[in-house]
Number of protein chains: 2
Amino acid sequence: MTTMVSGTTLAEIAALIGDVARANILSALMDGRALTASELAWHGGVSASTTSGHLAKLADANLVAMARQGRHRYYRLASPEVAQAIEALMAVASFGPKRHRPVGPKDEALRRARTCYDHLAGRLGIALADTLTERRYIVLSDSAGAVTDEGRRFLCDFGIELEHGNGHGRALCRTCLDWSERRPHLAGRLGAALCSRMFELGWVERIKDSRALAITSQGRQGLAQTFGVTEPSQASGD
Amino acid sequence: MTTMVSGTTLAEIAALIGDVARANILSALMDGRALTASELAWHGGVSASTTSGHLAKLADANLVAMARQGRHRYYRLASPEVAQAIEALMAVASFGPKRHRPVGPKDEALRRARTCYDHLAGRLGIALADTLTERRYIVLSDSAGAVTDEGRRFLCDFGIELEHGNGHGRALCRTCLDWSERRPHLAGRLGAALCSRMFELGWVERIKDSRALAITSQGRQGLAQTFGVTEPSQASGD
DNA sequence: GGAACATTTCGGCCGCGAACGAAGCATGAT
DNA sequence: ATCATGCTTCGTTCGCGGCCGAAATGTTCC
C-alpha cells in the first residue's frame, strides 16, 4: 500500500457518506439551511436515536456543524467544500445509467429547479448561466468564470452588490457541475447572491420537504423580463 | 425521506469509495495511469481475489474502466469527473485535523509535488498557478480561470498548443482544490498540458509506488528560468 | 414543580459485505 | 502439449456497524 495518508482518511470520509441514511441526511442539508435533528431523522428515514448516532459521526468528522438553539440542535454542512464534494459525487452517481432508475415526479421537479447548497441548479440554474454568458455579463472560459464590468452593473441594478474580494474568502464566481444537466451552473458568491436575491423577490419558493424549487408567477415574469429566461420547459423528454 | 434519486445512488457511490482497499486502489489510479489488477491488489493491500471483486464493483458503477491487453487487464479511472469527486473528498478529508496523523516522509514528498489525475498538484502546482497568475498569463478571478492572449503566447513558446475548444469537450482551464495546500491549482486541459509537457522535458519524474513527483536538476533549472519558480522548499514546517 | 418535547446514551440483535484460499479459466511462453 | 502467469469465481468465515426501543439527560413552557 503506497500512501496511507490519503487512503485511510479518504475511505473514512467516503464511508461516512456511503450510508443511505447519512447520505439522505447530507442531501437534505445540501440546500444550505440548518435543520434540526428530528427533521433530519425524517429525511434519513431512521429513528431519532439512530440519527443522533449518525449526526455525532458526521460532526466528529467535520462534515456537519452543530448549533444549539433552545432545545433544538441545528445541523448544517460544515463548509462549502463538503457541499462541493457531495455535489461531485452526485454528478458521478448520475452518470452510470446502467440500470436506469424510474424518474418520479419529484425528480422532474428537482431537474427543473433546485438549490445546490446555496445557489441555483437544474434547468433554471443552467438557463441563468447561459443568459449571463450570452450577454457577456460573465465570461465562462470553458467551465470557469469571471464577472465583466457590464455584468457588475447589471447585477447591481438587479440588487446584487459584489465587493471586489480577491484571493481571500470565498470565490466570487465558480462553476459547479450540474448533476441533472451535466453542464456547469453558477456557484461561488455570485451564485449564492443570485439565489438569495430571487428568494427575496419572491421569484422562487421552496417546495416542502425537497430541495426542489417552484417558480412563482412573479418569478416567471421577472425571469422573462430581466433575464430573458422563459420558464424551463415543463416536462422535457430528457 | 425526500428525494430518493440522489439519496440512494449517492450512498452507493460513496460506499464504493468508502472501503479502505478500494479507496487505496482509487488513490493509486489518481495519477491518471492505467494499472494492472495485480498492481492494484498491492496498492489495496488485499489478496488478488479480493481485489478482483472490488474492481468488478468499481467497473460496474462506472468508476473505473478496463482494457484487456494480453493477459493483463488494465484499469484506470473512468472519467475526469470521478477524479474530481475523489479529489474533492480528499480535500474534505485533509480538513478535519481532529486527531492529526503523523506526517511521514512519503507525505512530505506528496505535499511537495504530485500528480492529481493528469495535472500537477502540491506546492509545485500551487507555485505554477501563482506565477502564471502574477504574470497575467492566466486570470484566476478568484478560484476560476481563463488564459489571456499573452498567456497563450507564452504557453506556445513553452511547447503547449491550446486549441480554442469552447463549450464542448474538456474545460480549458479549471481549478482544483489542492488538499495539501488548501488552495486551488490548475486543472483542465491547461493543467494536463503543463503536466505532460514537464514530463516530456524531463523536469519531473514519478517516484516509485507513489503519486509523488521528483523534480530533476533540469527541472529545477527550467522551472527557475522559465517560470521563476524556485524549488518548493525542501521541508516546510506546515 | 411538573408536563411535553428534543436529543442522546445504552444494550442487544442481526445482516451485509470484506477477507481468504482453492479451484477454474483464460492467455502467453517453451 | 505442458507449464506458468494473471485474473476471476466459489464457498466459507467472521467482524464491523446500522437499527431499534427503553431509559437517561436536558430544555422550554405553563
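Basis for what follows: all heavy atoms, side chains included, without hydrogens, waters or symmetry-related copies. Chain naming here is simple, since letters A, B, ... match the order of the sequence lines and numbering starts at 1 in each.
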_Is there a side chain to side chain donor-acceptor pair (under 3.5 Å) between Glu39(A) and Thr36(A)? Walk through the geometry before answering._
CA-CA 5 Å; Glu39(A) 284 170 318; Thr36(A) 68; 3.2 Å; yes
*Between His185(A) and Leu128(A), is any pair of side-chain heavy atoms under 4.5 Å apart?*
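No. Closest side-chain heavy atoms not under 4.5 Å.
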*How about Asp118(B) and Asp31(B): do any of their side-chain heavy atoms sit closer than 4.5 Å?*
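No, their side chains stay 4.5 Å or more apart.
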Answer with base, sugar-phosphate or nothing: what part of the nucleic acid does [X] contact at a heavy-atom distance below 4.0 Å?
{"X": "Tyr75(B)", "answer": "sugar-phosphate"}
{"X": "Thr51(A)", "answer": "nothing"}
{"X": "Ala37(B)", "answer": "sugar-phosphate"}

Could you give the [atom1]-to-[atom2] distance, from [X] to [N], as a whole number of Å?
{"X": "Met66(A)", "N": "dT7(C)", "atom1": "CE", "atom2": "P", "answer": "10 Å"}
{"X": "Leu55(B)", "N": "dT9(D)", "atom1": "CG", "atom2": "P", "answer": "11 Å"}
{"X": "Leu40(A)", "N": "dT7(C)", "atom1": "CG", "atom2": "C1'", "answer": "12 Å"}
{"X": "Arg71(B)", "N": "dT27(C)", "atom1": "CZ", "atom2": "C1'", "answer": "7 Å"}
{"X": "Trp42(A)", "N": "dT7(C)", "atom1": "CH2", "atom2": "P", "answer": "16 Å"}
{"X": "Leu58(B)", "N": "dA18(C)", "atom1": "CG", "atom2": "C1'", "answer": "13 Å"}
{"X": "Tyr74(A)", "N": "dT7(C)", "atom1": "OH", "atom2": "P", "answer": "8 Å"}
{"X": "Leu16(B)", "N": "dG17(C)", "atom1": "CG", "atom2": "C1'", "answer": "12 Å"}

List every contact pair, protein side and nucleotides 13-19 of chain D side both N or O, where the distance is under 3.5 Å.
residue, atom, partner, partner atom, Å
dG18(D), OP1, Arg22(A), NH1, 3.1
dG18(D), OP1, Arg22(A), NH2, 2.8
dG18(D), OP2, Lys57(A), NZ, 2.4
dC19(D), OP2, His54(A), NE2, 2.5

*Respond yes when some side-chain nitrogen or oxygen of Arg73(A) is under 4.0 Å from OP1 or OP2 of dT8(C), and no when none is.*
yes
*What distance separates Cys116(B) SG from Leu186(B) CG, expressed to the nearest 0.5 Å?*
11.5 Å
*Does the pair Arg197(A)/Glu200(A) count as a salt bridge with the N-to-O cut at 4.0 Å?*
yes
*In terms of side-chain heavy atoms of Thr36(A), which of dC5(C), dT7(C), dT8(D) is nearest?*
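Ranking dC5(C), dT7(C), dT8(D) by closest atom to the Thr36(A) side chain puts dT7(C) first.
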*Applying side-chain contact (heavy atoms from CB on, under 4.5 Å) between Leu10(B) and each of Ile17(A), Asn24(A), Val92(A), report the one that passes.*
Ile17(A)
*Under 3.5 Å, is there a donor-acceptor pair linking the side chains of Ser49(B) and Ser52(B)?*
no
